[in-house]
4 protein chains.
Amino acid sequence: MRAPGQLRADAQRNRELIIDTAREVFAEQGPGATMDEVARLAGVGAGTLYRHFPDRDSLIHAVLADALERMIALAQKAREEETWAWDALSRFVRGCAGLRLDLLISVAGAQVHRVAGTPEINEGRVRLLEVLDQIVSAAHDEGALRTDVGTGDVMGVVGLLVRGLPTLPAALGDELRERAVRLVLAGMRAHPAPSPPEQPLTAEELTRRFSAERES
Amino acid sequence: MRAPGQLRADAQRNRELIIDTAREVFAEQGPGATMDEVARLAGVGAGTLYRHFPDRDSLIHAVLADALERMIALAQKAREEETWAWDALSRFVRGCAGLRLDLLISVAGAQVHRVAGTPEINEGRVRLLEVLDQIVSAAHDEGALRTDVGTGDVMGVVGLLVRGLPTLPAALGDELRERAVRLVLAGMRAHPAPSPPEQPLTAEELTRRFSAERES
Amino acid sequence: MRAPGQLRADAQRNRELIIDTAREVFAEQGPGATMDEVARLAGVGAGTLYRHFPDRDSLIHAVLADALERMIALAQKAREEETWAWDALSRFVRGCAGLRLDLLISVAGAQVHRVAGTPEINEGRVRLLEVLDQIVSAAHDEGALRTDVGTGDVMGVVGLLVRGLPTLPAALGDELRERAVRLVLAGMRAHPAPSPPEQPLTAEELTRRFSAERES
Amino acid sequence: MRAPGQLRADAQRNRELIIDTAREVFAEQGPGATMDEVARLAGVGAGTLYRHFPDRDSLIHAVLADALERMIALAQKAREEETWAWDALSRFVRGCAGLRLDLLISVAGAQVHRVAGTPEINEGRVRLLEVLDQIVSAAHDEGALRTDVGTGDVMGVVGLLVRGLPTLPAALGDELRERAVRLVLAGMRAHPAPSPPEQPLTAEELTRRFSAERES
DNA sequence: AATGAATGAGGATTCATTCAT
DNA sequence: CATGAATGAATCCTCATTCAT
């Protein structure tokens, strides 16, 4: 009865653990991952998962909201720490790729309204756009960002690039995304600085690596 | 005797009909779409669907293989009909977005090996890379394509861009992808022609359209 | 139009072919065997099978009726060709084991009334009992058959012995049945002739053969 | 506090309940009985059945393994409680008929390897043969069992006799099996004691009872 | 009359969610 | 408050039967 109140932080700990686990599970197993699998890998019982998130949509919503906060934090940190707005923009776009947001791919149809149409998500998106807007405006002022590229374009590009290439071996997929990010950034640049020439990724190399990594 | 032939139950016709329907259904409803729904929208019984594709993986594989053929045809047509390789490349990248390949994004985990690891798919990928390689090489020769952008990069970019943005209203998602394609193409250009200034997509506009289209 | 009437016997040929195939398929694959499998192994289309037997019960009924006729023929032949009634009885019991009637095991519950309750089957059973009755009576008169063993007992024993031991390797199952038949016949004998001593089938031998034949 | 304990949801209890129910259902309705029917008659949901037995084969395997244990217990009890080995043997053979093992007869083809080829079953069979071997040896020593009848013969005979005669009314089928067991035991006897004369089961009586019980 | 593709009702199985312990 | 067994609606898939060719 007179519990000394020591396991009070546990619930919050569990909540975060479940969200982190769910993001990984959805990223790796795709949208077909089951609630039981999430609970099992999080090391909790199914009942505990459902205590925190009353249904599947609720869990997905939490993962999305959490990801949105991470993106906001990423943008804020980039804006604060980078001297040049272009570098902040570049850092943000590159950073988003590390969020394991492949979950986005599992959201479709009517589910979108249920999990991504809440006030919390909408408000988060507004906050993210606000921060990005500051970066984009500053980048325009710097003359580094093409004037016909707006904040909305940045969001669109990020939305496309954060997701992986699940049909490819993980390492190859990550590198292709890395390179695609560079191409997009180059396309956004007002007067692209003559980027130091790199090696192109040839078809032969792609095929070679595809086969090589499939072996491992 | 001279039956007007109105009920021709053609198995091959059915097979193609099912694949086309499945691509649309998966693109619209996500990977959670039921087999019965695919069958219903294709106008056939569940048994017919399963006669052609013994299980769900088999159907997904067929959709992927069919999509690969479409991409190959798209690349070949672009190469043959465009005078400049750069235009062919641009046409290919833009064209892929119209293939409704959102299905690609729902394949993950062990399923990848089952549906995208067959000889048929591997051989198709090789053929696609061959055609693309010719276009990329010619674009290099034209001096239009950055020398550090290879065929593999094109494939990676296409893989990322063909997919939709399911969390956004369809029309908005399509436009964002359109614009992202233009950015990528700009980034690939060796000496980007001074593109006629357009309007940037601002955060305000993005938010406005997001809300507006969600209403409809 | 003026068909010379040459493929008239084909239908009857097909009918017998299907019955024979069905008996084998049910004996080997158990009651779970599908109609398609029967049709395939019989080398006909599903439509042909259904032309002869409008539904599954109809096919099973035909197999049972056919088997009954075979048993009757077996009993008549034994009665006519054997000098001693005991030998005829013995021959009949042994012979039934070769009819592959494992199908009987798949008939249960309400299905029994549908497939084994027809006038044709009932009439066939009466005819079989008549023939057996003659043999049994004669065997009683010979003094070879225990007086407390009647025709009904013979039928019961046959019903139990005609079926195989599906959980054992085929050859071992057949031999066990062979030996069981001998034991039953010995038990029926009024004053059992001192049967030439054989080797008993020991547990070691049973285990050895079970393992050995499972390998092949 | 001192709850009278009336709703104890015990998983182990459920497991045994399901096995018992399945044995009865398969015995009565044949192998075509549905899983839902088993669950319904066991008073549990389909999900509970599948939690305990992931598929149909798993359930059948459990029923077989359980039946094997019952046979072993039957043999051990008979050996311990009977003074004469012959009586133990007789008791075992008669007792097996009461195990409702008709399920055995529905297992065929590839299913045999899946449900009866596990180490658990194999080890159980070995244990059963060991106990039976002791009884058979002792019966040989008593001079009661024919020397050419081994443990393997006993198993074969039991395997054939435990099953019912599904095409006959239940009561008639049971009696026929009863009588067949007596015949087999008589056949196994070294010097059969002059069994008190009983009434033979005549063809007329068989037909009469067949019709009579079909009415009820 | 034969064929085999199409049908769809029904049975097997899964998994989101609930609830007794 | 955690646990994991139980639930049963929903889905996948099969196969007996029909029907267009």
Side-chain angles (χ1 to χ4, degrees), chain A residues 3 7-8 10-11 14 32-40 43-59, chain B residues 3 5-15 32-40 43-59, chain C residues 3 7-8 10-11 14 32-40 43-59, chain D residues 3 5-15 32-40 43-59:
Chain A
L7 21 133
R8 197 47 56 92
D10 263 25
N14 259 348
T34 69
M35 297 295 271
D36 273 1
E37 181 76 350
V38 173
R40 194 177 62 78
V44 302
T48 303
L49 191 160
Y50 275 90
R51 169 172 301 278
H52 288 285
F53 308 101
D55 56 25
R56 176 179 251 261
D57 281 348
S58 173
L59 174 60
Chain B
Q6 59 187 5
L7 267 207
R8 197 72 68 82
D10 187 330
Q12 182 58 28
R13 198 64 52 85
N14 261 346
R15 186 189 150 88
T34 69
M35 297 295 268
D36 279 0
E37 178 78 349
V38 173
R40 194 177 62 78
V44 301
T48 302
L49 192 160
Y50 279 95
R51 166 180 286 272
H52 287 285
F53 309 102
D55 55 24
R56 177 177 273 261
D57 281 347
S58 172
L59 175 59
Chain C
L7 21 133
R8 197 47 56 90
D10 265 25
N14 261 346
T34 69
M35 296 296 270
D36 273 2
E37 181 76 350
V38 173
R40 194 177 62 78
V44 301
T48 304
L49 191 159
Y50 275 90
R51 169 173 301 278
H52 288 285
F53 307 101
D55 57 23
R56 177 178 249 261
D57 281 349
S58 172
L59 174 60
Chain D
Q6 61 187 6
L7 267 207
R8 197 70 69 82
D10 187 330
Q12 182 56 28
R13 198 65 53 84
N14 260 346
R15 186 189 151 88
T34 70
M35 296 296 268
D36 277 0
E37 179 78 351
V38 173
R40 195 177 61 78
V44 301
T48 302
L49 192 160
Y50 278 93
R51 166 179 287 272
H52 287 285
F53 308 102
D55 57 24
R56 177 178 271 260
D57 281 348
S58 172
L59 175 59

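All chains are named by letter (A, B, ...) in the order of the sequence lines, taking the proteins before the strands, and each is independently numbered beginning at 1.
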Once each nucleotide of nucleotides 11-17 of chain F is scored for protein heavy atoms under 4.0 Å, what B/S/- sequence comes out, 5' to 3'? SSBBBSB
DNA chain F in dot-bracket, Watson-Crick or G-U pairs under 3.5 Å, [ ] crossing, | other strand? .||||||||||||||||||||
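- The closest side-chain heavy-atom distance from A/Y50 to A/M35 is below 4.5 Å.
- Nucleotide E/dA5 holds its P atom 14 Å from the CZ atom of C/R40, rounded to whole Å.
- When the C1' atom of F/dT21 is taken as reference, atom CZ of B/R13 falls 15 Å away, rounded to whole Å.
- The two residues A/V44 and A/L49 come nearest to each other via the heavy atoms CG2-N, 4.4 Å.
- Atom OG of residue D/S58 and atom NE2 of residue D/H52 lie 11.0 Å apart, to the nearest 0.5 angstrom.
- In this structure, D/H52 reaches the sugar-phosphate backbone alone: every heavy-atom distance under 4.0 Å involves primed, P, OP1 or OP2 atoms, never a base.
- Applying the salt bridge (charged side-chain N to carboxylate O under 4.0 Å, His left out) test to pairs two or more places apart or on separate chains, those with a residue in residues 47-57 of chain D are D/D57-D/R114.
- The side chain of A/N14 places an N or O atom within less than 4.0 Å of a non-bridging phosphate oxygen (OP1 or OP2) of F/dA2.
- In this structure, CZ of A/R51 is placed 17 Å from C1' of E/dA16, rounded to the nearest angstrom.
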